[in-house]
Amino acid sequence: MMDPKEIKKMVKESYTEIARTGLPCCSTSSSCCNVSGIAEDISREVGYSDKELDEIPEGANLGLGCGNPTALASLKSGETVLDLGSGAGFDCFLAAARVGKEGKVIGVDMTPDMIEKATEKSSKGGYTNVEFRLGDIEDLPVTDNSIDVVISNCVINLSPSKDKVFREIFRVLKGGGRFIISDIALLSPIPDRIKESAEAYISCISGAILKKEYLDVIRKSGFVDIEIIEETTYPFDLIVAMISPDEMTAILKDMDLSMEEAEKMTGSVVSIEVGGIKPS
């Protein structure tokens, strides 16, 4: 297993590079960095509409999601929303339109370059109800019992301390508050070669845990009415797009698999939309 401190360092460095280049696959040595429109293609495939993609500031979508939590959060005018791992602000800007001027959206990200990028886009776009804060999702810079809704999109799987993350979500939510999270989970264990791949970790695969374990972590944090709202097999082409050709070749050779066999194996990787409530 990779050291938790090394994981945090690796994730931070990789997402800093993504913030600077604007493409998710550029976190690796992949040659896919010259593919135009990959961020929008990924976002459409995981559930965003063209209307939503047109709604946000240019460059806010980095194609890092595995679902669309804002579409399922049933956000109301006046609510305070917290986005964990807010990146360049994609979901924050969508949420801002739904909670209106009476509401507030707070984005938290551990990467200074992402915070700078998101803040710049917020300022240029005239978003008066959005704020971005630098911090770790395991130790949120947010006061107790102050948030109505927590959202997150393909971020918690990157944390080596998922139990701490959900305890923090519980802490900051008001009584009766809710979370809607898009994330990656597993239906069955993945091979060690993939779990030990840095690139597979950054692409949200090897940091994922079994779906049952994921739900157990949420339950132990104190939440009730926990529900998987949607569950879909994570598209294999997106997995391949996020791992460099050299790394993919090494993985296949080490496991003695063809690309077709690997695709069947990764059928155990699922994107889930999960929700829960903090008791009043």
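As a basis for the values below, the full set of heavy atoms in this structure was taken, side chains included, without hydrogen atoms, waters or symmetry mates.
When atom types are taken as modelled, the side chain of Arg133 and the backbone of Pro141 share a donor-acceptor pair closer than 3.5 angstrom. Remark: side-chain polar atoms of Asn153 are paired, donor with acceptor, to backbone N or O of Gly67 under 3.5 angstrom. Panel note: side chain Asn61, backbone Gly63; a donor-acceptor pair is recorded below 3.5 Å. A donor-acceptor contact shorter than 3.5 Å is absent between the side chain of Ser77 and the backbone of Gly100. Panel note: side chain Lys121, backbone Glu58; a donor-acceptor pair is recorded below 3.5 Å.
With respect to Asp41 and Arg44, a salt bridge is recorded, a charged nitrogen being found less than 4.0 Å from a carboxylate O. At a threshold of 4.0 Å, the pair Glu168-Lys164 does not count as salt-bridged, since none of the basic side-chain nitrogens sits closer than that to a carboxylate oxygen. In this structure, Lys220 does not pair ionically with Asp216, as no charged nitrogen and carboxylate oxygen lie closer than 4.0 Å. The residues Lys174 and Glu79 are annotated as not salt-bridged, no charged nitrogen and carboxylate oxygen being separated by less than 4.0 angstrom. Here Arg98 pairs with Glu52 in a salt bridge; the nearest charged N to carboxylate O distance falls below 4.0 Å.
Between Ile137 and Ser159 there is a side-chain heavy-atom pair separated by less than 4.5 Å. Residues Ile147 and Ile106 are in side-chain contact: their nearest non-hydrogen atoms beyond the backbone lie under 4.5 Å apart. Here the side chains of Lys51 and Glu55 are in contact, with some heavy-atom distance below 4.5 Å. At a threshold of 4.5 Å between non-hydrogen side-chain atoms, the residues Tyr15 and Met114 count as touching. With a 4.5 Å cut-off on side-chain heavy atoms, Pro69 and Phe179 do not count as touching. Within the 4.5 Å cutoff, no side-chain heavy atoms of Asp148 are placed close to those of Lys76. For the pair Asp136/Lys8, a side-chain contact is recorded, criterion being any heavy-atom separation below 4.5 Å from C-beta on. The side-chain heavy atoms of Arg178 and Lys278, taken from C-beta on, include no pair separated by under 4.5 Å.
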Please test Ser221 against Ile169 for side chain to side chain contact (heavy atoms under 4.5 Å, CB included), starting from the C-alpha separation and ending with a verdict. CA-CA 9 Å; Ser221 300; Ile169 295 173; over 6 Å; no
Can you list the steps and then say if Asp163 with Arg167 is a salt bridge (charged side-chain N to carboxylate O under 4.0 Å, His left out)? CA-CA 6 Å; Asp163 54 340; Arg167 288 200 297 270; 3.6 Å; yes
Chi angles and distances behind the side chain to side chain contact (heavy atoms under 4.5 Å, CB included) call for Arg20, Asp113: CA-CA 7 Å; Arg20 293 173 180 174; Asp113 287 73; 2.9 Å; yes
Test side chain to side chain contact (heavy atoms under 4.5 Å, CB included) applied to Leu215 and Ile228, step by step: CA-CA 9 Å; Leu215 296 177; Ile228 292 184; 4.0 Å; yes
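Closest approach of Ala118 and Gly89 over heavy atoms only: CB-N, 4.0 Å. For the residue pair Phe93 and Ala88, the shortest heavy atom distance occurs at CE1-O, 3.5 Å. For Ile184 against Cys66, the heavy-atom pair with the smallest separation is CD1-CB, 3.8 Å. Shown here for Arg171 and Val142, the closest heavy-atom pair between the two residues is NH1-O, 2.9 Å. For the residue pair Ala208 and Leu186, the shortest heavy atom distance occurs at O-CD1, 3.6 Å.
Defined by atom type and a distance below 3.5 Å, a donor-acceptor pair is missing between the side-chain atoms of Asn157 and Lys162. Side-chain contact of Asn145 with Thr143: a donor-acceptor pair under 3.5 Å is absent, judged by distance alone. Defined by atom type and a distance below 3.5 Å, a donor-acceptor pair is present between the side-chain atoms of Glu273 and Ser182. In this structure, a donor-acceptor pair under 3.5 Å is present between the side chains of Thr111 and Asp109. Between the side chains of Asn129 and Glu102, no donor-acceptor pair of N or O atoms lies under 3.5 Å. At a cut-off of 3.5 Å, with distance as the only test, no side-chain donor of Ser122 or Thr119 sits close to an acceptor on the other residue.
Summarising the geometry, atom CD1 belonging to Ile226 is positioned 5.0 Å from atom CZ belonging to Arg219; distances are rounded to the nearest 0.5 Å. For the atom pair Thr128 OG1 and Lys104 NZ, the distance stands at 11.0 Å (nearest 0.5 Å). Of the inter-residue distances, the one linking Leu158 atom CG with Met10 atom CE reads 8.5 Å to the nearest 0.5 angstrom. Between the OG atom in Ser161 and the CD1 atom in Ile7 there is a gap of 8.5 Å [rounded to 0.5 Å].
Under the 4.5 Å side-chain contact rule for hydrophobic residues, Val224 and Val165 do not share a cluster. Under the 4.5 Å side-chain heavy-atom criterion for ILVMFWY residues, a single connected hydrophobic cluster contains both Val274 and Leu187. Put simply, Leu82 and Ile180 are part of two different groups of oily side chains (I, L, V, M, F, W, Y) that touch within less than 4.5 Å, one to the next. In this structure, Leu72 is not a member of the same hydrophobic cluster as Phe90, with clusters built from ILVMFWY side-chain heavy atoms closer than 4.5 Å. Hydrophobic clustering (ILVMFWY, side-chain heavy atoms < 4.5 Å, transitive): Tyr48 and Val105 are in one cluster.
Residue-environment remark: CD (Glu116) stays at or below the threshold of 12 foreign heavy atoms within 6.0 Å.
With sequence neighbours excluded, the residues satisfying ring pair (Phe, Tyr, Trp, His ring centres under 6.0 Å) with Phe170 are Phe223.
The side chain to side chain contact (heavy atoms under 4.5 Å, CB included) test with Ile151 is passed by exactly one of Leu84, Asp83, Ile181: Asp83.
A ring-centre distance under 6.0 Å is found for Phe166 and Tyr214.
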